[in-house]
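Here is the structure we will look at, set down as structure tokens.
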4 protein chains.
Amino acid sequence: MKNVEVHSSVKDERLIKVRRDQMIKGAVSLFKQKGFHRTTTREIAKASGFSIGTLYEYIEKKEDVLYLVVDRIYDEVKERLKESIDTAIGTIEGLKSAIAAYFRVMDDMQDEVLVMYQEAKSLTKDALPYVLNKELQMVQMFEDILKRMTKQKEIAMSEKEIQLCAHNIFVLGQMWGFRRWALHSMFSIEDYIDMQTSLILDGLTIREKKGDEK
Amino acid sequence: MKNVEVHSSVKDERLIKVRRDQMIKGAVSLFKQKGFHRTTTREIAKASGFSIGTLYEYIEKKEDVLYLVVDRIYDEVKERLKESIDTAIGTIEGLKSAIAAYFRVMDDMQDEVLVMYQEAKSLTKDALPYVLNKELQMVQMFEDILKRMTKQKEIAMSEKEIQLCAHNIFVLGQMWGFRRWALHSMFSIEDYIDMQTSLILDGLTIREKKGDEK
Amino acid sequence: MKNVEVHSSVKDERLIKVRRDQMIKGAVSLFKQKGFHRTTTREIAKASGFSIGTLYEYIEKKEDVLYLVVDRIYDEVKERLKESIDTAIGTIEGLKSAIAAYFRVMDDMQDEVLVMYQEAKSLTKDALPYVLNKELQMVQMFEDILKRMTKQKEIAMSEKEIQLCAHNIFVLGQMWGFRRWALHSMFSIEDYIDMQTSLILDGLTIREKKGDEK
Amino acid sequence: MKNVEVHSSVKDERLIKVRRDQMIKGAVSLFKQKGFHRTTTREIAKASGFSIGTLYEYIEKKEDVLYLVVDRIYDEVKERLKESIDTAIGTIEGLKSAIAAYFRVMDDMQDEVLVMYQEAKSLTKDALPYVLNKELQMVQMFEDILKRMTKQKEIAMSEKEIQLCAHNIFVLGQMWGFRRWALHSMFSIEDYIDMQTSLILDGLTIREKKGDEK
DNA sequence: CATGAATGAGTCTTCATTCAT
DNA sequence: AATGAATGAAGACTCATTCAT
């Protein structure tokens with residue numbers, strides 16, 4: 001999956017980084033409030049702290065901003081996940097703490113995740129697969145944990161079951177963000193983590209027991 | 001939750017129904033392809049089979065079309081669910097068939113569900129809560145089944161666990177639609193139903209056993 | 001000055017009269033509030049008590065309504081003036097009472113006069129001269145009085161002076177309507193009549209005296 | 001009476017002045033021909049020498065153009081009046097020359113005055129009082145002259161008579177513009193000035209004489 | 001590199017007018 | 001004669017993008 005580069009007429013790489021950081025920061029807060037389509041490039045420039053002309057020195061099209069934002073969000077989520085998750089550990093406890101860590105990241109980055117969800121479709125045809133691929137990579141982190149657990153006979157799951165379960169964990173984490181209107185009045189994030197973890201593990205341990213029974 | 005009425009300058013209720021049916025049908029297919037914001041009112045009119053002037057005889061603002069569409073989708077999903085689900089049955093089998101029915105509706109209406117997901121934010125401030133409420137009603141159908149199962153001692157779940165589980169079922173069903181890019185190459189809808197049902201039930205039966213153990 | 005006929009597809013002359021009366025009544029009140037351009041044909045139809053389709057049975061273009069309205073206002077003003085003014089009398093007292101009568105009509109029909117003033121320009125090219133001619137006829141009523149007074153040696157004014165003076169009387173009467181925002185807080189209509197009459201007469205009596213001096 | 005500012009997204013005040021000058025110039029000539037409502041924003045932009053986009057950099061709504069135009073006309077009339085009228089002089093001759101000057105301005109700016117008259121109603125609710133106030137200020141210039149004349153015993157008029165007379169002068173001046181269809185074929189502007197001045201003065205001198213008689 | 005004025009294609013929405021019933 | 005649904009041309013306004021300074 002080749003990287004999708006956003007063209008900039010500015011040469012100084014360091015400056016590009018600085019300006020795009022400003023831009024992303026400004027844009028995220030705007031996208032949260034009004035969505036991508038209702039946000040104007042002028043607003044983005046203003047929120048970024050520079051002029052519309054300067055904005056276009058660092059991007060080519062408005063959609064580039066969306067891509068940059070979404071890309072950044074993924075990177076951030078992934079970064080924070082990697083910090084917290086040691087995929088090497090193939091134990092039940094390891095999985096539990098990975099889930100907890102991931103859910104907490106989702107809690108911290110609710111708005112960002114919501115933005116991704118609702119605006120992903122507006123990405124250009126060529127940016128979308130790249131972004132979806134990033135998402136798959138994150139799902140794969142959970143797959144990796146589950147695979148290792150299987151290898152270490154902690155659980156007994158087929159390849160397919162692992163894939164599905166990893167997707168479930170991923171989506172259930174996001175759900176905390178995109179269904180907050182329903183969930184947040186019913187659960188604290190800690191409750192949510194505990195209960196979901198328990199439900200997820202039930203789906204695994206059973207199989208392990210089944211395996212034992214044979 | 002008061003109904004959100006969309007104003008029409010046409011008096012004949014029957015005609016309003018006919019035209020709005022055309023409109024919704026045309027709009028859904030456009031929203032699927034390009035999203036709400038990238039669809040113009042003229043395109044909607046054309047896809048509906050009438051002129052832009054006529055379109056505006058049946059709505060006031062472009063956003064009304066979105067509301068009409070989303071509202072219709074919910075109603076359709078709900079209708080199809082009610083056909084298939086007999087909430088009265090409080091057995092494991094009843095739950096299984098309810099999940100299967102729901103997942104199949106989600107499979108049939110993937111595009112529609114996707115539209116709802118991605119464009120809901122563009123609904124007017126007053127339409128959104130109304131729509132979210134409809135969603136809650138659907139979640140409640142699963143809650144009802146689980147409650148009855150608990151009452152009939154089929155399972156042992158707390159109020160909160162039931163609520164969370166119902167949300168999970170709901171979201172996992174939608175997931176088949178909004179993550180199709182990842183799931184459809186891995187699973188057939190039947191596989192998906194079987195495996196998810198199994199995972200969901202594990203979360204319940206375990207507790208039932210726990211209950212037994214006491 | 002040939003009459004400007006407004007075409008109607010309805011044959012029954014009596015019905016045309018009835019419908020147009022409704023139409024004019026409704027339209028005047030709308031034009032007062034929002035002006036001709038901001039009033040829609042639908043609103044006119046509604047205010048007239050019939051449908052848009054029926055409206056167009058009695059006119060051809062929206063501008064016809066304006067013409068009908070303006071025409072009616074002139075007729076009404078003229079009618080009321082003729083009732084009150086006996087142009088035959090060529091005395092100072094006769095002039096005074098004519099002025100008073102005219103000013104009172106202007107007071108009664110302020111809104112209508114305002115409408116005429118502000119919307120006259122929107123009349124069709126062929127309707128305008130016809131309407132302006134009606135206005136001239138009204139000015140002429142004052143000219144006639146002044147001429148008769150001159151003939152009877154009540155005053156001594158040249159033809160030109162008479163024309164100008166007649167215009168002045170006419171405009172000063174309208175002024176009560178179109179400058180009400182300034183005048184009505186300063187004068188009652190009676191004050192206004194008294195003071196203006198006095199000023200106008202000063203313009204005449206002087207000349208009369210001058211005439212005497214010769 | 002607080003000033004009514006028209007918002008511009010352009011920062012450079014000098015440029016705003018330049019562009020608005022162009023805009024006003026273009027708009028006046030269009031409004032003269034077809035009135036405010038029949039003039040499109042595109043036409044205004046074109047007549048101003050720039051694009052529709054640029055037009056909207058300097059105003060927010062079409063009505064702003066009208067306000068700008070009307071405001072400018074008042075300022076211009078006032079400016080030219082102040083040049084010509086020395087309100088300090090409280091003599092008959094001073095009044096005569098003030099009237100003459102004012103009437104000549106009205107002659108020069110006939111079209112503009114007509115525009116004001118016919119389109120004033122289309123001004124926004126908040127702009128209208130501001131504009132009317134400007135008009136009052138101009139009336140006041142004549143009041144001031146008359147007051148001074150009274151103070152200097154040139155004439156004897158009550159406060160109310162002065163106010164009314166000032167209004168009359170003002171309206172009679174405008175009348176030259178808005179009744180040109182009737183007046184211009186009968187009088188030259190010089191005739192008009194002479195005759196009206198004479199009529200107006202008759203209204204004053206008489207009173208002065210009356211004062212003398214007592 | 002930064003700025004922000006200029007551009008005009010594109011969008012929503014209105015409304016006068018028509019015409020089948 | 002009356003109705004009101006249908007039409008689409010036209011208009012106000014927006015906003016992504018460019019480019020001269």
Side-chain angles (χ1 to χ4, degrees), chain A residues 8-12 15-16 19 37-46 49-65, chain B residues 8-12 15-16 18-19 37-45 49-63 65, chain C residues 8-12 15-16 19 37-46 49-65, chain D residues 8-12 15-16 18-19 37-46 49-65:
Chain A
S8 167
S9 64
V10 173
K11 296 290 143 70
D12 182 343
L15 193 51
I16 293 181
R19 290 280 176 267
H37 283 104
R38 295 200 198 286
T39 301
T40 68
T41 51
R42 276 174 155 83
E43 287 171 324
I44 296 171
K46 192 171 189 182
F50 39 70
S51 72
I52 182 68
T54 301
L55 179 71
Y56 273 86
E57 292 284 310
Y58 296 92
I59 57 165
E60 275 187 310
K61 306 178 314 307
K62 187 189 174 191
E63 276 163 346
D64 290 343
V65 181
Chain B
S8 167
S9 66
V10 172
K11 301 290 168 64
D12 184 342
L15 194 52
I16 292 180
V18 173
R19 291 282 175 268
H37 284 105
R38 293 200 199 286
T39 303
T40 68
T41 51
R42 270 188 163 73
E43 287 171 325
I44 296 172
F50 37 69
S51 71
I52 182 67
T54 300
L55 178 69
Y56 274 89
E57 291 280 305
Y58 296 91
I59 57 162
E60 278 186 307
K61 313 176 307 304
K62 188 189 174 192
E63 276 166 347
V65 181
Chain C
S8 167
S9 64
V10 173
K11 296 288 143 69
D12 182 344
L15 194 51
I16 293 181
R19 292 281 175 266
H37 282 105
R38 294 199 198 286
T39 301
T40 68
T41 51
R42 277 173 154 81
E43 288 171 324
I44 295 171
K46 192 171 188 180
F50 39 70
S51 71
I52 181 69
T54 301
L55 180 70
Y56 273 87
E57 293 284 310
Y58 296 92
I59 58 163
E60 276 187 310
K61 306 176 314 307
K62 187 189 174 190
E63 276 162 347
D64 291 343
V65 182
Chain D
S8 166
S9 66
V10 172
K11 302 292 168 62
D12 184 342
L15 193 53
I16 292 180
V18 173
R19 291 282 174 268
H37 283 105
R38 293 201 199 285
T39 302
T40 69
T41 51
R42 270 187 163 73
E43 287 171 325
I44 296 171
K46 194 169 187 180
F50 36 69
S51 70
I52 181 67
T54 299
L55 178 70
Y56 275 90
E57 291 280 304
Y58 296 92
I59 57 162
E60 278 185 309
K61 310 175 310 301
K62 187 188 174 191
E63 276 165 348
D64 290 343
V65 181

Please report, rounded to the nearest Å, how far the P atom of dT3(E) is from the CG atom of L55(A). 11 Å

Just verifying a value: how many Å separate T39(A) OG1 and H37(A) NE2, rounded to the nearest 0.5 Å? 10.0 Å

How would you label the contact of S9(C) with the nucleic acid (heavy atoms, under 4.0 Å): base, sugar-phosphate, or nothing? nothing

Between atom NZ in K46(A) and atom P in dG4(E), what is the gap in whole Å? 12 Å

Who pairs with E63(A) by side-chain contact (heavy atoms from CB on, under 4.5 Å), at least two apart in sequence or on another chain? F36(A), K61(A), T124(A), R38(B)

Which of dA1(F), dA5(F), dG8(F) is nearest the side chain of L15(C)? It is dA1(F)

Base-pair string, DNA chain E, Watson-Crick plus G-U, cut-off 3.5 Å on both distances, | for inter-strand, is .||||||||||||||||||||

Could you run down nucleotides 13-19 of chain F 5' to 3' and tag each one B, S or - for protein heavy-atom contact under 4.0 Å? BBSBBB-

Would you please name every residue forming a side-chain contact (heavy atoms from CB on, under 4.5 Å) with S51(A), sequence neighbours left out? T54(A)

Between P on dA10(F) and CD1 on I44(D), what's the gap in Å once rounded to a whole number? 18 Å

By side chain to side chain donor-acceptor pair (under 3.5 Å), which residues pair with E57(C), not counting sequence neighbours? S9(C)

Between R19(D) and G49(A), just flag the one whose closest nucleotide in DNA chain E comes earlier from the 5' side. G49(A)

Looking at the side chain of V10(D), which of dA2(E), dA5(E), dA5(F) is the nearest nucleotide? dA5(E)

Over all atoms of both residues, closest heavy-atom pair of V10(B) and L15(B): CG1-CD2, 4.3 Å

First locate atom CD1 of I52(D), then atom CG of L55(D), and finally report the distance between them rounded to the nearest 0.5 Å. 5.0 Å

By nearest-nucleotide position on DNA chain F, the 5'-leaning member of K11(C) and F50(B) is K11(C)

Within the 4.5 Å heavy-atom criterion, are Y58(D) and D64(D) side-chain neighbours or not? no

Who are the salt bridge (charged side-chain N to carboxylate O under 4.0 Å, His left out) partners of E43(B), not counting sequence neighbours? K34(B)

Where is the tightest heavy-atom contact between Y56(B) and K62(B), given as atom of each residue plus distance? OH-N, 4.2 Å

